[in-house]
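These numbers were taken from a predicted model, which means no experiment stands behind them.
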Amino acid sequence: MTAKVSRECETMHEVSPVERDAMASYNRLPFQGRAHRETHPRRLAARARLHGLPAPPTRACRVLELGCASGDNLIAMAVTMPDATFLGIDISPRQIREGRDTIAALGLHNISLEALGILEVPADLGTFDYIIAHGVYSWVPQPVRDKILEVFATNLSRDGIGYVCYNTYPGWHFREPIRHFLRTHVPLDQPEPNAARQARDLLDRLGQASIPDSLFGPAVAREVALFRDLPDAYLYHELLESDNQPFYFTSFLDDLRSAGLAYVTDTESFTALLDNLDDDIADWICANAGDRADVEQSLDYLYGRTIRHSLLTRRGAAILDRPSGDAVAGLAMAGDPTVHPESPSFDPGVTARFSSSNGKTLGVRDPVSKAGLLELRAAWPACLSFPDLLERTRARLGAHAGRGSRTGQHDQDVDILASTILAGHATGVLDLLDTRAAVADRIDRAPLASPLARHQVSTGRPFITNLYHEELALTEMERNLLLLMDGTRTCQELLASQVPDLLARSLLDNRVPPRAPARARPGNGGAFEESFDMALEHIRRAALLVPKSRHGGRLA
């Protein structure tokens, strides 16, 4: 299938007039590729199964991405899913060439990128278990949006899952004044990079201006702050392009129904948003809503949501409105929450709070909930199955109570732990996947880092993609170490490679005396080894190390 498309693309990449301007725009000012965490098939499958759907197994799944830019999102998946197959299409030949260069550098054989307009997607493209459209649907004209839904309806496999993100009202009513202001005052008949720079200058002026007695004043300040640190390409394509159409959620549902598709859920759980409201208003919304769609639309009104990340499937599937605790038993889970207090009491009357890195918090009182979350934290970055987590949780509780088992409490523990996992997933405190991610939970004698992460460091990428498909920033020392972690150097050799840089930094900061170099020799301990050990441990906890069993395999 991909070979056939490849030949057509190379000889027939003559896009329709509807997409021609977009092709030129993205060629001149391409997006910087990113991995989009929520689009990973393992997460899409897990969310779909929570809502009662038999999502296709992901180990050898087929994945299509519409509007893949330079393919960074798919490439990161292809590295960690060697038995799956990936196809990305994008209208910009420049971005496709950049992606193909990365694929060649990594030696990947399970992914293809094609320069192709969405309107030119051939009818015989084949079926895919997961289809992704990130950052496309709102940013293209109506004929292309119709084609996107047609591709979902035609090319999803029988139980396939689609993902689409789109700008939403009412939140975008507060962002549109900024967009219209910039499109009015920035000449759009100039090269895109120039227009982006002028737009940024204008945003800086707005950020310094006082706009008293303005209804949109606070919204303007928030939007200026949001876009200030984003790349020029994102600023231009979000605020200056001719096409950017937000939708009310219920309008999007109408479009899905017309295309023969059904809404499954969003990557941000509406149950968590509902639970955050006062009981009175939450109860009123539920009592007066005709269905789940009404509840979700009401929440969009109250929270002013600006974007949705929605999962969809073929119409006719039996979809549960709320996630099922029964489905948790068949999933894998991972998490590294911070716990408050650090050594929580197992007294059921005392609340322990578990927080994610993005500030989301889950408060629990039941001893099973506390023990389960502590076990996930202790296992990180390893991914656990539910039976494994249950066993560890019961063992921790048994040890705490001074006995080795919890006879007669198994069913109760299962229910409590499943409910805790659902709540933690809904609040973003922990992660659910359909299968375990292959991540090292210890530092081998000769550690091997993700080949994608090493490549990203070598090319100067500011953000590094870990084995959980998450982007993160590293220190200069961590980046230097990561580049050398190809499985051929021992930890002692890695330490020796960092001695000159560690010494220079220590002397500069006046943290060690000038005669300290002798302490930097491997095995002697001291401040140098402490800094090195901290960097190595951070790389491990950042889920960047490949398990030893994968050494010499396709990931090496």
Side-chain angles (χ1 to χ4, degrees), residues 18-32 34 36 67 69 91-92 118 133-146 148 164-252 255 268 297 300-310:
V18 174
E19 295 183 280
R20 192 170 297 147
D21 289 344
M23 181 178 68
S25 175
Y26 283 94
N27 274 338
R28 290 190 291 259
L29 187 59
F31 262 125
Q32 181 182 53
R34 302 289 295 268
H36 305 294
I91 199 170
S92 166
I118 290 175
H134 185 281
V136 182
Y137 193 77
S138 278
W139 299 267
V140 292
Q142 184 65 52
V144 184
R145 286 197 293 273
D146 293 340
I148 290 172
V164 57
C165 72
Y166 49 98
N167 287 334
T168 54
Y169 290 131
W172 251 85
H173 284 307
F174 293 93
R175 184 167 292 172
E176 278 182 325
I178 295 290
R179 169 171 156 79
H180 294 319
F181 183 85
L182 293 178
R183 283 182 56 82
T184 299
H185 295 285
V186 173
L188 300 177
D189 57 350
Q190 60 179 317
E192 287 83 354
N194 294 348
R197 286 192 292 270
Q198 289 189 21
R200 189 171 299 284
D201 290 342
L202 193 49
L203 283 177
D204 288 341
R205 288 177 179 270
L206 286 175
Q208 299 167 12
S210 173
I211 313 176
D213 303 322
S214 168
L215 174 64
F216 286 102
V220 169
R222 287 195 302 271
E223 297 306 314
V224 168
L226 171 66
F227 283 96
R228 181 178 292 127
D229 297 325
L230 293 173
D232 283 357
Y234 184 92
L235 188 156
Y236 181 90
H237 296 301
E238 180 77 351
L239 297 180
L240 295 179
E241 286 280 13
S242 58
D243 293 301
N244 191 334
Q245 178 59 59
F247 301 90
Y248 282 103
F249 176 61
T250 49
S251 297
F252 177 71
D255 291 341
E268 183 179 14
Q297 183 62 79
D300 281 7
Y301 290 137
L302 294 178
Y303 283 97
R305 181 178 274 182
T306 58
I307 192 168
R308 273 185 171 266
H309 305 265
S310 298

### Task
Might you confirm whether atom OH of Y248 has over 12 heavy atoms from other residues, nucleotides or ligands at distances under 6.0 Å?
yes
### Message
For a 4.5 angstrom cut-off between non-hydrogen side-chain atoms, does E176 reach P246?
### Response
yes
### Query
How about I91 and I118: do any of their side-chain heavy atoms sit closer than 4.5 Å?
no
### Query
Is any side-chain heavy atom of R305 closer than 4.5 Å to a side-chain heavy atom of E268?
yes
### Message
Strictly distance-based, threshold 3.5 Å: is any side-chain N or O of H237 a donor or acceptor partner for the main-chain N or O of W139?
### Response
no
### Task
State whether a side-chain donor-acceptor pair under 3.5 Å links N27 with S92.
yes
### Task
For side chain to side chain contact (heavy atoms under 4.5 Å, CB included), just list the numbers for R228 and V224, CA-CA rounded to whole Å, side-chain angles, deciding distance to a tenth of an Å, and then say yes or no.
CA-CA 6 Å; R228 181 178 292 127; V224 168; 3.5 Å; yes
### Task
Determine the interplanar angle of the F181 and H185 rings, folded into 0 to 90°, and report it as parallel if under 30°, tilted if 30 to 60°, perpendicular if over 60°.
tilted
#### Entry: Spacing of NE2 belonging to H173 relative to OG1 belonging to T306, to within rounding of 0.5 Å
12.5 Å
### Query
Strictly by modelled atom types, are Q208 and D204 linked by a side-chain donor-acceptor pair under 3.5 Å?
no
### Message
Working to the nearest 0.5 angstrom, can you tell me the gap between D300 CG and Y169 OH?
### Response
13.5 Å
### Query
How far does OG of S310 sit from CZ of F249, to the nearest 0.5 angstrom?
6.0 Å
### Message
With heavy-atom distances below 4.5 Å as the criterion, would you say the side chains of E238 and N167 are in contact?
### Response
yes
### Query
How far apart are the closest heavy atoms of I148 and A133, and which atoms are they?
CG2-CB, 4.4 Å
### Query
Is there a side-chain contact between R175 and R179, using heavy atoms and a 4.5 Å cut-off?
no
### Over-ring placement of R308 relative to F252, 6.0 Å and 45° cut-offs
no
### Query
In Å, rounded to the nearest 0.5 Å, how long is the span from CZ of R200 to CG of L239?
10.0 Å
#### Entry: Y137 to C165 - nearest heavy-atom pair and separation
CB-O, 3.7 Å
### Summary
Shortest non-hydrogen pair, E223 vs I178, comes out as CB-CG1, 4.0 Å
### Task
Heavy atoms only: give me the nearest E241-S25 pair and the separation to one decimal.
OE2-OG, 2.7 Å
### Task
Mind checking the CG-CG spacing from L206 to D201? Nearest 0.5 Å is all I need.
11.5 Å
### Task
Return the minimal non-hydrogen interatomic distance between L29 and D232, and the atom names on each side.
CD2-O, 4.1 Å
### Task
Given side chain to side chain contact (heavy atoms under 4.5 Å, CB included), test F227 with L182 step by step and report yes or no.
CA-CA 13 Å; F227 283 96; L182 293 178; over 6 Å; no
### Message
Check whether Q297 reaches the backbone of T250 with its side chain - one donor and one acceptor, N or O, closer than 3.5 Å.
### Response
yes
### Query
Is there a side-chain contact between F247 and W172, using heavy atoms and a 4.5 Å cut-off?
no
### Message
Please give me the minimum heavy-atom distance between G67 and V136, naming the atom from each residue.
### Response
CA-CG2, 3.9 Å
### Query
What distance do L235 atom CG and L226 atom CG have between them, rounded to the nearest 0.5 Å?
9.5 Å
### Message
Between D243 and V140, is there a side-chain heavy-atom distance shorter than 4.5 Å?
### Response
no
### Message
Any heavy-atom pair between the side chains of P187 and Q198 that's under 4.5 Å?
### Response
yes
